[in-house]
Amino acid sequence: MVGLATPELAASIDTHSPVLLRPRWVQRPAAQLVGLFDALLDALDRHGFFGCPFVSAAVEAPLDSEARAITVRHTERRHAWLTELATEAGAGDRVALAPQIGLLIDGALTSGRLLQDRAVVDEAKGGARSLVAQHAAWP
């Protein structure tokens, strides 16, 4: 990922964020918070376990780089989208639920890359299911 040009990174994020994980086939917000891990599995099955290309580019760039700033904005947009879903799902504490789901996404991407095992995404999905059941109106 070293050498990914910042304009390429920005264009990729603008094209894919936050819809990278948006499970279009699920309508209910609570189910979307869990179903996004199915979308992640689909993407990983198509492309392999490479982790998040945006984060990979950012961690190799200086802290004051444009690549890092673009990736932080991507992460903030994903957080806003997760907060919106948590609100629509009736989460009592959407402020807690959104970052917890975000950390499960990040953990699944990182562990999937390291271990090359799709089971980590299944485990993250189980964690998401438990969190949503605890915080939101889950069917």
Side-chain angles (χ1 to χ4, degrees):
M1 191 57 56
V2 174
L4 179 65
T6 300
E8 292 170 340
L9 179 67
S12 182
I13 287 175
D14 286 342
T15 300
H16 297 101
S17 174
V19 296
L20 276 176
L21 297 176
R22 186 176 299 274
R24 293 184 183 100
W25 62 89
V26 180
Q27 296 302 315
R28 299 170 78 164
Q32 286 186 42
L33 288 166
V34 176
L36 64 88
F37 291 91
D38 292 330
L40 181 57
L41 279 172
D42 290 345
L44 295 173
D45 286 345
R46 280 192 312 275
H47 307 292
F49 283 101
F50 297 106
C52 177
F54 311 131
V55 172
S56 294
V59 298
E60 294 179 11
L63 290 176
D64 61 349
S65 70
E66 188 176 356
R68 182 179 178 281
I70 290 167
T71 302
V72 167
R73 284 194 303 273
H74 161 73
T75 302
E76 290 168 344
R77 288 181 0 198
R78 183 190 70 185
H79 177 78
W81 171 62
L82 291 171
T83 302
E84 177 184 323
L85 280 178
T87 301
E88 292 171 5
D93 190 357
R94 67 185 186 278
V95 174
L97 181 58
Q100 290 169 347
I101 298 290
L103 286 170
L104 285 171
I105 294 167
D106 293 340
L109 287 167
T110 303
S111 292
R113 163 96 183 188
L114 179 66
L115 301 174
Q116 294 295 301
D117 185 356
R118 71 191 316 272
V120 298
V121 180
D122 290 325
E123 292 168 10
K125 181 180 177 180
R129 184 178 287 112
S130 295
L131 285 169
V132 170
Q134 176 184 355
H135 289 279
W138 179 249

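All values below come from the heavy atoms of this structure, side chains included, with hydrogens, waters and symmetry mates left out.
Smallest separation of non-hydrogen atoms from Ala91 and Leu97: CB-CD2, 3.8 Å. Among all heavy-atom pairs drawn from Ile101 and Phe37, the shortest one is O-CZ, 4.3 Å. Heavy atoms only, all atoms of each residue included: Gly127 and Leu104 are closest at C-CD1, 3.7 Å. The two residues Ala98 and Thr83 make their nearest non-hydrogen contact at CB-OG1, 3.2 Å. Between Ala89 and Pro29, the closest heavy-atom pair is N-CB, 3.7 Å.
Separating the CD atom in Gln32 from the CD atom in Glu88 is a distance of 7.5 Å, to the nearest 0.5 Å. If you take CG on Leu109 and CG on Leu114, they are separated by 12.5 Å, rounding to the nearest 0.5 Å. Separation of atoms CZ (Arg28) and CG (Leu85) is listed at 13.5 Å; rounding is to 0.5 Å. From Leu44, atom CG reaches atom CZ of Arg113 across 11.5 Å, with rounding to the nearest 0.5 Å.
There is no path of hydrophobic side-chain contacts, each under 4.5 Å, that joins Ile70 to Val72. Under a hydrophobic clustering in which Ile, Leu, Val, Met, Phe, Trp and Tyr are joined whenever their side-chain heavy atoms come within less than 4.5 Å, directly or via other members, Leu103 and Leu33 fall into different clusters.
For residues 116-125, the set of pairs meeting the side-chain hydrogen bond (donor to acceptor under 3.5 Å, both in side chains) definition, not counting sequence neighbours, comprises Asp38-Lys125, Asp45-Arg118.
Annotation: side-chain contact (heavy atoms from CB on, under 4.5 Å) contacts of Val59 (sequence neighbours excluded): Val55. Considering only residues two or more places apart in sequence or on other chains, Arg94 meets the side chain to side chain donor-acceptor pair (under 3.5 Å) condition with Thr87.
Looking at Arg78 and Asp106, their side chains come closer than 4.5 Å, going by heavy atoms from C-beta outward. At least one side-chain heavy atom of His79 sits under 4.5 Å from a side-chain heavy atom of Pro99.
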